[in-house]
Amino acid sequence: MPDNRALAEQLKMFADLSEIKGENPFRLIAYRRAADTLDELDESVEQLVRENRLTEVPGIGPGIAATLKEMVETGAWSALDELQDEVPSTLLTMLDIPGVGTKSVTRFYHELGITDLVQLEASARQDDIRKLKGFGAKQEARILSGIAFLNQRTGRLSIGTGLPAAELLAEQLSARLEVDVAIAGSVRRMCETVGNLDLVAASDDAHAIATALAESGALTDIQLTEPSIATGKHAAGVEVRVLAADPEEYGSELFRWTGSREFVAACEQQFGAGPAAESEAQFFEALNLQPIPPELRESLRMIDLARTNALPRLIEVSDIRGDLHLHSDWSDGHGTILEMATAARERGYEYLSISDHSGGLAIAHGVTIERLRQQWVEIERANEQVPEIRLLKASEVEVHLDGSLDFPDEVLAELDLVVASLHSGLNHSIEELTERIVKVMRNPHVDIIAHPTGRIIERRPGGTYDWETVFKVALETGTALEINANPARLDLRDEVAADAHRAGVLLVIDTDAHDVRSLDLMRYGVGVARRAGVGPEGVLNTRPLASLLDWLGR
DNA sequence: AACTGAAGAGTTGTGGCGCCGGTGCGCCA
């Protein structure tokens with residue numbers, strides 16, 4: 001039974017193929033909008049089909065409802081199958097190249113007979129692309145560097161998918177086997193992408209684990225690859241490995257299975273095979289080491305720090321007192337200001353910054369100066385309705401190519417908080433980008449630089465900066481650099497965040513939420529900060545409201 | 001294809017950048 005996400009994928013694929021075929025563009029918009037809606041829908045499509053309520057969903061009319069019904073009931077979509085006979089679906093892989101869209105792909109296909117990335121790369125190398133009207137040497141170079149970037153992709157799963165999947169499995173296994181089951185591996189270390197999902201169960205019965213895995217419904221191809229290891233293929237596309245650990249060795253095995261491989265190897269070299277321990281705490285105690293948080297088990301230096309009880313105190317999700325970068329339905333968010341404020345109260349926050357896009361980002365329905373003033377009225381009203389949460393009048397202000405901001409200084413001065421964002425020209429040179437961001441930080445009204453590099457993990461490389469200069473100016477101007485908690489971004493990434501922290505730069509962890517649910521992405525940003533060795537004092541939004549307002553100078 | 005608003009028909013996702021070629025078009029946020 002296809003879930004909402006799988007159905008949305010099919011709709012998007014249909015839209016892309018139809019666009020290549022040259023169908024009515026408004027039809028495509030409708031399919032894509034419906035797909036976006038499904039991604040955020042709380043109810044399952046299957047349920048809606050059964051109750052014949054699909055067309056009650058905004059953006060789903062009779063046509064798409066019939067399509068969804070067909071997919072739910074038969075598991076297939078005949079129109080999509082027919083379309084794939086006409087338009088090879090391998091063409092879609094070329095759309096992943098930054099700068100290549102459906103128009104270009106159509107021409108590569110019709111005029112050069114190119115159907116996939118391998119053929120496209122070969123043609124670009126042979127200078128065949130520039131023979132097409134409207135293409136030249138620069139385009140060829142862009143295509144080649146784009147393909148090189150795509151070839152670096154690991155096919156690993158985002159932590160944003162891996163962690164919830166591992167949590168669900170651990171919960172199901174624990175309930176069925178009635179033993180402790182822990183998440184291990186790269187998921188536990190909060191790596192930005194994960195190659196597989198590793199779990200450790202406090203049970204030496206691997207057969208029972210395999211049976212429980214089968215009952216979970218999320219796995220195929222379940223087998224015992226070793227007497228004590230049950231594996232299977234997860235629907236999300238990675239391997240699941242569950243270690244059957246003797247309860248008396250549960251802690252020490254969890255340590256071994258958490259990795260990183262180099263880290264565990266280094267420990268074994270220093271301490272031998274290590275003692276058997278029921279819990280990880282006991283394991284560290286037996287080694288006479290301060291417990292090392294999983295996120296720090298990458299750098300061997302941490303072993304020395306643990307020896308002398310000198311590990312940094314790491315930030316925790318419970319340290320976070322508010323979210324300073326998010327969106328409402330005033331721009332491209334889906335929740336009202338009141339809904340976002342209420343959700344923040346449920347999460348125990350003290351404050352929330354309403355930072356919708358500025359007018360320059362038209363596609364996101366950016367807020368113009370005139371609408372900004374209207375928004376302040378609504379923010380004040382919500383402040384009265386949800387007195388537990390202090391809503392800040394903020395903006396995610398577009399940075400233009402010349403480093404100027406989308407709002408004039410007089411308007412910025414009236415805001416409680418200014419988040420500056422680069423969305424264009426991120427492929428410019430390191431010198432140009434550094435100069436631009438320095439200019440932004442030197443604006444006295446700018447408080448935060450959002451998702452500084454603009455990377456999208458495994459999709460867009462993002463910009464490069466002379467970080468030393470960026471940190472120096474951030475320190476000098478008192479600008480906070482964001483760790484964007486969205487698992488597709490995680491920007492700044494762990495290593496750069498660690499360097500920033502060491503340089504004394506203040507960090508801030510924001511979700512950039514576009515709906516209520518995304519406020520919960522905070523833990524991924526906290527994971528990055530922990531991997532960077534950052535404690536609560538290094539993060540702006542751990543501060544109490546009064547202290548935050550003081551920092552803002554308001 | 002869906003929505004609006006009441007009839008059928010018109011509207012829907014905007015504007016700047018980069019590349020190519022000499023003014024326009026595709027791509028992207």
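Naming: A, B, ... by sequence-line order, numbering from 1 per chain. Note that this is a predicted model, so its numbers are computed, not measured.
Taking the side chain as every heavy atom from C-beta outward, A:Lys393 and A:Glu414 never approach each other to under 4.5 Å.
Residue A:Arg27 places no side-chain N or O under 4.0 Å from the OP1 or OP2 atom of B:dA2.
Counting to the nearest Å, the C1' atom of B:dT14 and the CD atom of A:Glu398 are 12 Å from each other. B:dG10 atom P lies 14 Å from atom CG of A:Asn24, rounded to whole Å. Separating the CZ atom of A:Arg33 from the C1' atom of B:dT14 is a distance of 13 Å, rounded to the nearest angstrom. The nearest whole Å value for the distance from the CZ atom in A:Arg107 to the P atom in B:dC20 is 12 Å. Counting to the nearest Å, the C1' atom of B:dT12 and the CD1 atom of A:Ile60 are 17 Å from each other. One atom, CD1 of A:Ile64, and another, C1' of B:dA1, lie 6 Å apart when rounded to the nearest Å. Rounded to an integer number of Å, the gap from A:Asp402 CG to B:dG16 C1' is 13 Å. Distance NE2 (A:His428) to C1' (B:dC19): 12 Å, rounded to an integer number of Å.
In summary, the side chains of A:His400 and A:Ser404 do present a donor paired with an acceptor at a separation below 3.5 Å, with no hydrogens or angles considered. Side chains of A:Ser18 and A:Glu23: a donor-acceptor N/O pair is absent below 3.5 angstrom, by distance only. A:Ser328 and A:Asp356 form a side-chain donor-acceptor contact under 3.5 Å, judged by distance and modelled atom types alone. Checking A:Arg371 against A:Gln374 by side-chain atom types alone, no donor-acceptor pair falls below 3.5 Å. For the residue pair A:His327 / A:Glu396, a side-chain donor-acceptor distance below 3.5 Å is found, with atom types taken as modelled.
Taking the P atoms as reference points, B:dA7 lies 23 Å from B:dA2, given to the whole Å. For the C1' atoms, the distance from B:dG15 to B:dG22 is 23 Å, rounded to whole Å. Taking atom P in both B:dT14 and B:dG8, one finds a spacing of 28 Å when rounded to whole Å. Comparing the C1' positions of B:dG10 and B:dG5 gives an interatomic distance of 12 Å, to the nearest angstrom. For the P atoms, the distance linking B:dG16 with B:dA9 amounts to 35 Å, nearest Å. For the P atoms, the distance from B:dC17 to B:dT12 is 24 Å, rounded to whole Å. Using atom P as the reference point in both B:dG21 and B:dG26, the two lie 13 Å apart (nearest Å). A gap of 12 Å separates the C1' atoms of B:dG13 and B:dC28, to the nearest Å.
Within the nucleic acid shown, A:Leu28 has no heavy atom closer than 4.0 Å to any nucleic acid atom. Here A:Ala137 lies in heavy-atom contact (under 4.0 Å) with sugar-phosphate atoms only.
In the set B:dA2, B:dA1, B:dG13, B:dA1 carries the atom at the smallest distance from any side-chain atom of A:Tyr31. Set against B:dG13, B:dC17, B:dC19, the side chain of A:Lys138 has B:dC19 as its closest nucleotide. The side chain of A:Arg32 lies closest to B:dG13 when the candidates are B:dG15, B:dG13, B:dG18.
Salt-bridge formation is detected for the pair A:Lys21/A:Glu86: a Lys NZ or Arg NE/NH1/NH2 atom is positioned less than 4.0 Å from an Asp or Glu carboxylate oxygen.
Mapped onto DNA chain B by nearest heavy atom, A:Gln139 and A:Ile29 fall at different nucleotides, with A:Ile29 at the one closer to the 5' end. Looking at which nucleotide of DNA chain B each of A:Gly425 and A:Pro58 is closest to, the 5′-most match is held by A:Pro58.
Ring centroid separation for the pair A:Phe135 and A:Phe108 comes in under the 6.0 Å cut-off.
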Reading nucleotides 21-29 of chain B from the 5' end, what letters show protein touch, with B for base, S for backbone sugar-phosphate only, - for no heavy atom under 4.0 Å? S----SSSB

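A:Ala529 and A:Ile509 get closest at one heavy-atom pair: CB-CD1, 3.7 Å.
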